[in-house]
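Have a look at the structure below before the remarks.
If you're wondering where the values come from, they're calculated on a predicted model, not measured in any experiment.
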Amino acid sequence: MARPRSFDEDRVLDTAMHTFWANGYESTSTRDLCEALGLDRSSVYNAFTNKRELFKRALTRYMDTTTADQLRILDDHDLPAIERIRALFAKILRSEAVNRRDGHGLGCLTVNTTMELAGRDPEIALMLARDTERRVVSLGATIGEGQRDGDIGSARDPAELARFVNAVIAGIRVAAQGGADDATIAAIAATAMDALT
């Protein structure tokens, strides 16, 4: 009979997520994970098989959480579509300001993983692509609604505009991680809003 796990899996995944987020996948050793998690190697391997499987679980947790936050904003039909997109940018700008203030400078785990692994790891690339598609579909629906209501003046295809907005958000995160100040990233967001309206 298998021995029950003696740790909180959600806490372990959160800690692993922050460890990978701070260091990147390649630079995070199994020893780093064991120290951060307060578990020995056999406990980590028994629960998650290996470092890669733990990373995939942590990345999935991050994507599920951050994408759910975005979808909540975009699905708030009490606000006009353009205001939902403005609220999304405001949330991104606030999170980057907090990262800068707290000295984290971690950026976005999905953006970081895209840059580190997506070009050479097809399985991770597919996970990231599926997450992007969820966000882009929601953005596209919101943009299409805004076009119908007259709040979004651009006549471009909603899916193209959604990919543009998604790319701007990723660009804001990279710029902030690279040291761009609040005014600079706010101007990027404002320019994107101007392009929509």
Can you tell me if [X] and [Y] form a side-chain donor-acceptor pair at under 3.5 Å?
X    : Y    : value
T66  : D69  : no
T191 : D194 : no
S43  : N46  : no

Identify the heavy atoms of [X] and [Y] that sit nearest to each other, and give their distance.
X    : Y   : answer
E123 : K56 : OE2-NZ, 2.6 Å
T142 : A81 : O-CB, 3.2 Å
L88  : I73 : N-CG2, 3.8 Å

Would you check if the side chain of [X] reaches a backbone N or O of [Y] as a donor-acceptor pair within less than 3.5 Å?
X    : Y    : answer
R61  : L13  : no
E96  : I172 : no
T49  : Y45  : no
S95  : I92  : yes
D76  : D78  : yes
N166 : R163 : no
T184 : A180 : no

Requested in this report: Count the heavy atoms belonging to other residues, nucleotides or ligands that lie under 6.0 Å from CZ of R52, then report whether that count exceeds 12.
Outcome: yes
**Report entry** Greater than 12 external heavy atoms within 6.0 Å of R31's CZ
**Finding:**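 No, CZ of R31 has 12 or fewer neighbouring heavy atoms, counting only those of other groups under 6.0 Å.
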Requested in this report: Examine K51 relative to F20 and say whether NZ or CZ is less than 6.0 Å from the centre of the six-membered ring and inside a 45° cone about the ring axis.
Outcome: no
Query - Steps toward side chain to side chain contact (heavy atoms under 4.5 Å, CB included) verdict (Q147, L161) - result: CA-CA 11 Å; Q147 288 173 322; L161 289 171; 3.7 Å; yes
Query raised in the report: Going from CD1 on I152 to CG on L196, what distance comes out if it is rounded to the nearest 0.5 angstrom?
Result: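 Atom-to-atom, I152:CD1 and L196:CG are 5.5 Å apart.
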Report summary line: Interatomic distance, CE@M115 vs OG1@T110, rounded to 0.5 Å, equals 11.5 Å
Report task. Evaluate the criterion side chain to side chain contact (heavy atoms under 4.5 Å, CB included) for residue pair C34 and D40; output intermediate values, then yes/no. Result -> CA-CA 6 Å; C34 290; D40 60 29; 5.9 Å; no
Report task. Could you give me the CA-CA distance, side-chain angles and deciding distance for N50 and T30, then say whether side chain to side chain contact (heavy atoms under 4.5 Å, CB included) is met? Result -> CA-CA 9 Å; N50 56 40; T30 304; over 6 Å; no
Report task. Might you work through the side chain to side chain contact (heavy atoms under 4.5 Å, CB included) test for F89 and I169, ending with a clear yes or no? Result -> CA-CA 7 Å; F89 275 120; I169 289 169; 3.8 Å; yes
